[in-house]
Structure formats: structure tokens, C-alpha cells
Amino acid sequence: MAPNDQTSEVTQPALVSNADDRRISTLLITIAMQAEAMPIVKRLDLKKDDGSLFPEGVSWVRYHGTYKNLNVNVIWPGKDANLGVDSVGTISASLVTFASIRALKPDLIINAGTAGGFKVKGANVGDVYLPSDVAFHDRRIPIPVFDLYGVGSRKTFSTPELLKALNLKIGKLSTGDSLDMSPEDDKSIIANDATLKDMEGAAIAYVADLLKVPAIFVKAVTDIVDGDKPTSEEFLQNLAAVTAALGEAVTRVVDFLSGKLLSQL
Ligand code: FMC
């Protein structure tokens, strides 16, 4: 049986129940790239910390501050120590999310970033989504039940009011550690019914679920995966404009969260 064939037969775990009635006070915003982080850091007027939160010598960066009564933390895994490029992908996202949750005990995680979008599913460059589900498309383990573990499908924390208030788009997000897409990935992405493709989302959902912290995802489309332009070219071409749009959307999300209980999202 193909890895994804059983997904619909199994109840997908939700990321923490919406019955939780805590007032949102501490936010953890995880971001993979500096270009994605800076517009948000500027808009929310956050400051870089002294680095003492994380193990000595790691590249991870925290920006923090108080914004509209919220303790806001933007965490970026920093640049690769050897190559000097952003530490994108599931491994650094998982590690920095784990360490940040342990250190900051956030009420809510927001994973903000760019993503590829599928035009057959209605995505356009610049669209901003609040994904309803996340799953992996590059963890193929064709053994019963391990196949489902590999796909790692999870529902995100449900935010019907936020979705309505901000008029954002909804769709499913599929995560893998490559910017390009192999034919096998393509099949899994279709099985995941995904509108969006990124390199961190499902990994962050896994860590959030592990430590029982609700997580939501804000993803802005930089490139059309099923379009005619090469992904890397289109991604780089649209990065500046789309990260500006992402910064605006994340600010609106944070504005909405201010003063709310988790159950009011
Ligand atoms: N496929 C996978 N990831 C991305 C993408 C695409 N078409 N467009 N943008 C991204 C995101 C990933 O999550 C990475 O953090 C970064 O942008 C690309 O390396």
C-alpha cells in the first residue's frame, strides 16, 4: 500500500484542544530565514537578546519585546556556522523550537514563513494562508503504521475567528527538506491534499504536539510549484515583496491575539 493511502482511515490528532481557556500572554514566533524575520522584528519593535537563552555557541537568535501587552519572541535558527546561509529545514526548526518552548513556555506558537503554492489548489504569489493541516511528503516508510508515522499528519490549532477576522486563505501544508520536488514528493503532496509546500511546518507541529503547545502557521506564497517558472528563481525574485506581506499579516495576527483567550481564536 502506498504510504499515504491509510491517512483518511485514522483520526488525525489535533494540536492541543481548543477547550483550553488560558489568556494568551507569551508568543513564540518561529521563522527560518532572516529575510522573513526582519520585517516582523521591525514592525513589532523587537530587540535582539544577549543569547543567554540558548546553549553557548549556537547560531540561534531571539528577538523579543512587549507588544500590545504580549510577550513576543521571534526565534530564527540563524546562519549555518560553516556556510553562512539561513539554517532552513526541519532539523534546525525542530531543535530551536524545542529549546525555545523549554525556555519560554509560550502559550501559543506561530510558525511564520514563505511557501510554495499550487495553482491547481487556488494559490497565487503573495497569498497568505493559515494552514488547517500539516504533513510530511518526504518520509516514505512503506510498512503498515510506520507509513502513517512518516506522513505525520496533524491538524493545526483551530482558529475560526482569526480566519474570519483577517480574511486569510485556508489550505493544507506539506513539508519536506527540499526546495525542489521529486516525482515521489509530488505524489505524496497530492495524497496530502496540500495547497502549500514548505520546509519546516510539519516538523514544528511535531515538536509543538510533543510538548503540548498549540501551534498555528502563517505562510505566504513566494512561488507557484505547478507553474512554468523554476522554483528557485521565482522564490528569490518574490522574496522581498512576499516577506513584506508576511510581516504585515503576522502583525495583524498578533494584533488579533492581544487580550484574547486561546478559546477565542
Ligand atoms: N518549497 C519548499 N519550501 C519553500 C518553497 C517551496 N516551493 N518556497 N518557500 C519555501 C520556504 C521554506 O520553508 C524554506 O524556509 C525557504 O522558504 C526556502 O529555502
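The shown structure was predicted, so the numbers you read here are calculated from the model rather than taken from an experiment. All ligand and atom numbering here is 1-based and tracks the order in the structure.
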- [ ] Show which atoms of ligand 1 fall inside a sub-4.0 Å distance from at least one heavy-atom site of M33.
- [x] 16 (C)

Open item on the list: Ignoring hydrogens and geometry beyond distance, is a side-chain donor-acceptor pair present between T222 and N238 at under 3.5 Å?
Closed with: no

Open item on the list: Pairs of nitrogen or oxygen atoms closer than 3.5 Å, one from E200 and one from ligand 1: do any exist?
Closed with: yes

Task: Side chain, backbone, both or neither: D223 near ligand 1, heavy atoms under 4.0 Å - done: side chain

Open item on the list: Using modelled atom types and a 3.5 Å cut-off, is there a donor and acceptor pairing between side-chain atoms of T156 and backbone atoms of S132?
Closed with: yes

Task: Smallest separation among heavy atoms of F217 and A205, with atom names - done: CZ-CB, 3.8 Å

Task: M181 and ligand 1 - part of the residue with a heavy-atom distance under 4.0 Å - done: neither

Open item on the list: Within the structure, is a non-hydrogen atom of G113 found at a distance of less than 4.0 Å from ligand 1?
Closed with: no

TODO: Would you sort out whether D80 and S87 count as a side-chain hydrogen bond (donor to acceptor under 3.5 Å, both in side chains), showing the intermediate values?
DONE: CA-CA 5 Å; D80 180 86; S87 308; 5.1 Å; no

- [ ] For A115, take its heavy atoms, then give the atoms of ligand 1 lying under 4.0 Å from any of them.
- [x] 5 (C), 8 (N), 9 (N), 10 (C)

- [ ] Within a distance under 4.0 Å of any heavy atom of T231, pick out the atoms of ligand 1 and give their elements.
- [x] 7 (N)

TODO: Among all protein heavy atoms, pick out the one at the shortest distance from atom 19 (O) of ligand 1; state its residue, atom name and that distance to 0.1 Å.
DONE: M199 SD, 3.6 Å

TODO: Before signing off on this row, confirm whether A32 and ligand 1 have an N or O atom pair separated by under 3.5 Å.
DONE: no

Open item on the list: Between the side chains of K79 and D86, is the shortest nitrogen-to-carboxylate-oxygen separation below 4.0 Å, so that they form an ion pair?
Closed with: yes

Open item on the list: Pairs of nitrogen or oxygen atoms closer than 3.5 Å, one from K197 and one from ligand 1: do any exist?
Closed with: yes

Task: Contact atoms of ligand 1, heavy-atom distance to D198 under 4.0 Å - done: 2 (C), 3 (N), 13 (O)

Task: Atoms in ligand 1 flagged as close to V88, the criterion being non-hydrogen separation under 4.0 Å - done: 15 (O), 19 (O)

- [ ] Report the part of T114 in contact with ligand 1, treating N, CA, C, O as backbone and CB onward as side chain, heavy atoms under 4.0 Å; options are side chain, backbone, both, neither.
- [x] both

TODO: Work out which heavy atom in M33 is nearest to a heavy atom in F235; give both atom names and the distance.
DONE: SD-CZ, 3.7 Å

- [ ] Pull out every atom of ligand 1 sitting under 4.0 Å from any heavy atom of T222, numbered as shown with elements.
- [x] 8 (N), 9 (N)

Task: R23: partners by side chain to side chain contact (heavy atoms under 4.5 Å, CB included), with sequence neighbours left out - done: L261

Using distance only, find each side-chain donor-acceptor pair of residues 160-169 under 3.5 Å and give its atom names and separation, not counting sequence neighbours.
unit_1	atom_1	unit_2	atom_2	d
K169	NZ	G122	O	2.8
K169	NZ	D127	OD2	2.8

Open item on the list: Do M38 and V72 land in one hydrophobic cluster if side-chain heavy atoms of ILVMFWY residues count as linked below 4.5 Å?
Closed with: yes

